[in-house]
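Notes to accompany the following structure.
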Amino acid sequence: MVNTSTYFSRLRELVALELREEQEAYRRSLETKGASLTGSIHEPACRYPVYLGNTAYNPLGQLTVELRYKVEEEEVELDFEPGKPVTVFYLADSGAKELPHQCYVEAVGDGVMSVSLPSKSALQSIKGLADRHLLGVQLGVDNTSFRVMQESLAEAERKEDERFVRLRNVLLGNVKPDFRSLPQLSFPWLNRSQNDAIQKVVECQEVSIIHGPPGTGKTTTLVEAIIETLERETQVLVCAPSNAAVDWISEQLMRRSINVLRIGNPLRMSDEMLDCSYERRYSSHPDYHELWNIRKELATGAKGERAHRLRSRQMELEIKINADLFDEARVVSCTLIGSAYRLMERRRFPTLFIDEAAQALEPACWAAILKADRVIMGGDHQQLPPTVKSVAAIKGGLADTLMQKVVGLHPQCVSLLTTQYRMNEEIMSFSSRWFYHNRLQAAPEAAHRLVSPLDTPLTWLDTSLTPDPSPHGEGSEMSGVSTPLSPGRRAEGEARTRTGSVSNASEARLVIHALRDYIEMISPQKIESERVDFGIITPYRGQARLIRRLLKMQHYFRKLKRHITVGTVDGFQGQERDVIVISLVRDNAEGNIGFLRDLRRMNVAITRARMKIIIVGNAQTLSRHKFYRALIEHFRQHGEFIEVQQ
């Protein structure tokens, strides 16, 4: 029997640890910038120097300013995203000094970032400093999210509502979940496992989980489950840990003609979702024009009885418009943290759907669960977990998601989707065996498809014996591309980058070489005519940055650049490409593979490909781990294993 008070107190302690780690990392980052007074700082969470550009007002009436910066050849993946908090700083002899203004990213472009400011005085302060110092911009700490999580955990612990207590006890494993019996549903356009998942969703009384491995149509199933639930309920709440995930499932519901009300900051929404935003719907309401006129008259100095009547009418209209918007919506969608917004106070929903639940911190989930009678989670706990920076918090279990816990506590609540529509079956089969008890099956239309009938879906290029493929040197136009491997030189192996990541220069050149060879084998004309797309994936930002730079240096790839995407494993979750090339980077005598030990990361990487996967890696370094030893053997048996050497 789990003690409720102890359970939630422990979670609050872990959230506090994570907040302290983020604050400390932010403080350390600012302190170290004092050593870079004469140079630029180009890090995922920092830009220095930046120069002030145009100022304007955004659609919400907030003052914004452009911060312009140089785009370097070795561009890094940015952590800056719309809606994230940032601070502006300048460098003094004693180190970095931050301005006391909390700003937020509005948009990020090529060499320019637009940020919203809290006031005109903040703009004047920034302009004044810009006259005397070079400025920088640093990603801040999102204190609001941590506050919401702490408050939600406290409320989840003390709340005594009978229905919620029942749900809480089920989720903690103190009581078994209940199911009701309903007539069998059938959706001819869905497969059997998807139909079974929807049946379990409508029959569950407290919790159900749609476990969707890569390519199995998890979003499709979740959308159908939501629509079927709306046959029985007037309204549901749909949440996800990120704005992008909320927008994605909301867009799928809109395409099915479902009335969606999107709650949150419009700056953090996709363009497609703006028409569904609360703010846009509010200003489009038939009564808004009258409300606007009242506000205008009050602002220009209405007094006495007239002002009293106007304020009364203003409140009446605000309540009416708000009620109309929520009453008309069949789906209310927001992030998990957004479910705690003021607009959502005292809102209650029969059912909560959480998409991408396997990437959601448990404390954030409780913010939304507080508003629901039952909860449906969709995701895959065998893919990437939520990001937790504090080692102590990870050891304490903060990275263990609520979905993951419920899967272990109540396997009868879990529906595994078993037919996948993305991958050639040889690409799928290893992941199926290692992560999903060999239960996945490839749909007939995906099982045997290849880029070319003469191709094989699996190729491993083993760098254990690789000499340096670049007799011209790393900076050369010809480095590692269409040149013979040079004799007598061992590859450099892995190295730490200046940002603390890991890269492997010789392996990066081999990736470029392999990509060009493959395109030549297929033919560039076929790539263009059939729109074959490529993804180059690596676990490390430093390697991704190096590969991008090498691609830019090669004239051969310029006409094909729109077909090629380079990124980290984390950046590719949720994406897919016809051809995937994976650079595993690690190359050392000790067999140290770093966070490649998180096998969920590799599960994501190897399941992005539709028709072809090429892995470039040192088999000697990797094969000390049983997972990679088995993966290498799978490539030997079902594809090509090539020892790259002279």
If you compare all heavy atoms of Leu14 against all heavy atoms of Ala392, which two are closest, and at what distance to 0.1 Å? CD2-O, 4.5 Å
Check whether any side-chain heavy atom of Thr221 lies under 4.5 Å from a side-chain heavy atom of Glu224, and answer yes or no. no
Could you check whether any side-chain N or O of Arg330 sits under 3.5 Å from a backbone N or O of Leu230, counting only pairs where one atom can act as donor and the other as acceptor? yes
For the residue pair Ser181 and Glu203, confirm or rule out a side-chain donor-acceptor distance under 3.5 Å. no
Can a cation-pi geometry be assigned to Lys159 and Phe164, taking NZ or CZ under 6.0 Å from the six-membered ring centre and within 45° of the ring axis? yes
With the threshold set at 4.0 Å, does a side-chain nitrogen-carboxylate oxygen contact exist between Arg168 and Glu157? no
Would you give the length of the straight line joining atom OG of Ser250 to atom CD1 of Ile258, rounded to the nearest 0.5 angstrom? 11.5 Å
Polar side-chain atom of Asp380 near backbone of His211 as donor-acceptor pair, under 3.5 Å: no
Any side-chain to backbone donor/acceptor pair from Arg608 onto Gln575? Under 3.5 Å, distance only. yes
Take Phe353 and Val331 through the test side chain to side chain contact (heavy atoms under 4.5 Å, CB included) and record every step on the way to the result. CA-CA 10 Å; Phe353 288 85; Val331 169; over 6 Å; no
4.5 Å side-chain heavy-atom contact, Cys334 and Leu237: yes
Between Arg541 and Asp79, is there a side-chain N and carboxylate O pair less than 4.0 Å apart? yes
Using every non-hydrogen atom in the two residues, find where Asp247 and Ser270 come nearest and quote the distance to one decimal. OD2-N, 2.7 Å
For the residue pair Thr565 / Arg577, report whether a side-chain donor-acceptor contact shorter than 3.5 Å exists. yes
Residue pair Val260 / Ser333: nearest heavy atoms and the distance that separates them: CG1-OG, 3.6 Å
Pro385 and Arg600, any side-chain heavy atoms less than 4.5 Å apart: yes
Could you tell me whether the side chains of Asp142 and Ser145 share a donor-acceptor contact shorter than 3.5 Å? yes
Using the ring of each side chain (for Trp, its six-membered ring), is Tyr278 parallel, tilted or perpendicular to Tyr282, with breaks at 30° and 60°? tilted
For Asn265 and Tyr341, does a side-chain donor sit closer than 3.5 Å to a side-chain acceptor? no
Answer yes if the side chains of Trp248 and Glu356 hold a donor-acceptor pair under 3.5 Å, and no otherwise. no
Verdict with reasoning, Asp161 to Arg163, per salt bridge (Lys or Arg N to Asp or Glu O under 4.0 Å): CA-CA 6 Å; Asp161 172 81; Arg163 183 61 190 158; over 6 Å; no
Within this structure, what is the CD1-CE distance for the pair Ile294 and Met315, rounded to the nearest 0.5 Å? 12.0 Å
Could you walk me through whether Asp400 and Lys405 pass the salt bridge (Lys or Arg N to Asp or Glu O under 4.0 Å) test, one step at a time? CA-CA 7 Å; Asp400 299 333; Lys405 293 177 182 178; over 6 Å; no
At their closest point, which heavy atom of Thr401 faces which heavy atom of Ala360, and how far apart are they? CG2-O, 3.5 Å
Is the side chain of Ser431 donor-acceptor paired with the backbone N or O of Met428 at a distance under 3.5 Å, no angle test? no
Is a donor on one side and an acceptor on the other found under 3.5 Å between the side chain of Asn174 and the backbone of Val2? yes
Is Glu21 salt-bridged to Arg28, cutoff N-O under 4.0 Å? yes
Rounded to the nearest 0.5 Å, how far apart are CZ of Phe179 and CD of Gln412? 6.0 Å
Could you tell me the separation between the OG atom of Ser193 and the CD1 atom of Ile198, rounded to the nearest 0.5 Å? 10.0 Å
If I take atom CE from residue Met377 and atom CD1 from residue Ile210, how far apart are they, to the nearest 0.5 angstrom? 11.0 Å
How about Met423 and Thr607: do any of their side-chain heavy atoms sit closer than 4.5 Å? yes
Quick one: do Glu576 and Arg610 make a salt bridge, cutoff under 4.0 Å? yes
Please determine if Lys218 and Asp355 form a salt bridge, counting it only when a charged side-chain N lies under 4.0 Å from a carboxylate O. yes
pair Asp373-Thr351: side-chain heavy atoms closer than 4.5 Å: no
Under 3.5 Å, is there a donor-acceptor pair between the side chain of Asn438 and the main chain of Ser432? no
Is there a donor-acceptor contact under 3.5 Å from the side chain of Arg166 to the main chain of Glu162? no
Flag for Thr87-Tyr26: side-chain donor and acceptor within less than 3.5 Å: yes
Between Thr219 and Gln252, do the side chains contain an N or O donor and an N or O acceptor separated by less than 3.5 Å? no
Any idea how Tyr540 and Phe595 line up, ring-wise: parallel (<30°), tilted (30 to 60°), or perpendicular (>60°)? parallel
Is a donor on one side and an acceptor on the other found under 3.5 Å between the side chain of Ser277 and the backbone of Leu274? yes
Taking 4.0 angstrom as the limit, do Asp570 and Arg601 come out as a salt bridge? yes
Only residue of Leu222, Ile209, Val238, Leu336 satisfying side-chain contact (heavy atoms from CB on, under 4.5 Å) with Ile354 is Leu336
Under 3.5 Å: donor-acceptor pair, side chain of Ser208, backbone of Cys204: no
Going by atom types alone, do Gln404 and Glu362 pair a side-chain donor with an acceptor below 3.5 Å? no
Within the 3.5 Å criterion, strictly below it, is a donor on Asn243 or Arg262 matched to an acceptor on the partner's side chain? yes
Is any side-chain N of the basic residue among Lys389 and Glu18 closer than 4.0 Å to the acidic one's carboxylate O? no
With side chains defined as the heavy atoms from C-beta onward, is the minimum distance between Met602 and Phe627 less than 4.5 Å? yes
Least distance between heavy atoms, Ala544 atom then Thr538 atom: N-CG2, 3.5 Å
Start with the C-alpha gap between Thr419 and Leu440, add the side-chain angles, then the distance that decides, and say whether side chain to side chain contact (heavy atoms under 4.5 Å, CB included) holds. CA-CA 6 Å; Thr419 303; Leu440 301 189; over 6 Å; no
When you look at Arg147 and Glu151, which way does the salt bridge (Lys or Arg N to Asp or Glu O under 4.0 Å) test go after all the steps? CA-CA 6 Å; Arg147 175 182 55 77; Glu151 292 174 353; 3.3 Å; yes
Under the ring-ring contact (aromatic ring centres under 6.0 Å, His included) test, which residues partner His101, sequence neighbours left out? none
With no hydrogens and no angle check, is any side-chain donor or acceptor of Asn322 less than 3.5 Å from a backbone partner on Glu318? no
Taking the side chain as every heavy atom from C-beta outward, state whether Ile263 and Val332 have any pair of such atoms under 4.5 Å apart. yes
Asp196-Gln199 side chain donor-acceptor pair, cut-off 3.5 Å: no
Tell me if the CZ atom of Arg192 is crowded by more than 12 foreign heavy atoms within 6.0 Å. no
Taking all atoms of both residues into account, what is the closest heavy-atom pair of Ala245 and Ala240, and its distance? CB-CB, 3.6 Å
Pairwise side-chain contact, Ile249 with Ile226, heavy-atom cut-off 4.5 Å (strictly under): yes
Separation between CG of Asn603 and CZ of Phe435, rounded to the nearest 0.5 Å: 4.0 Å
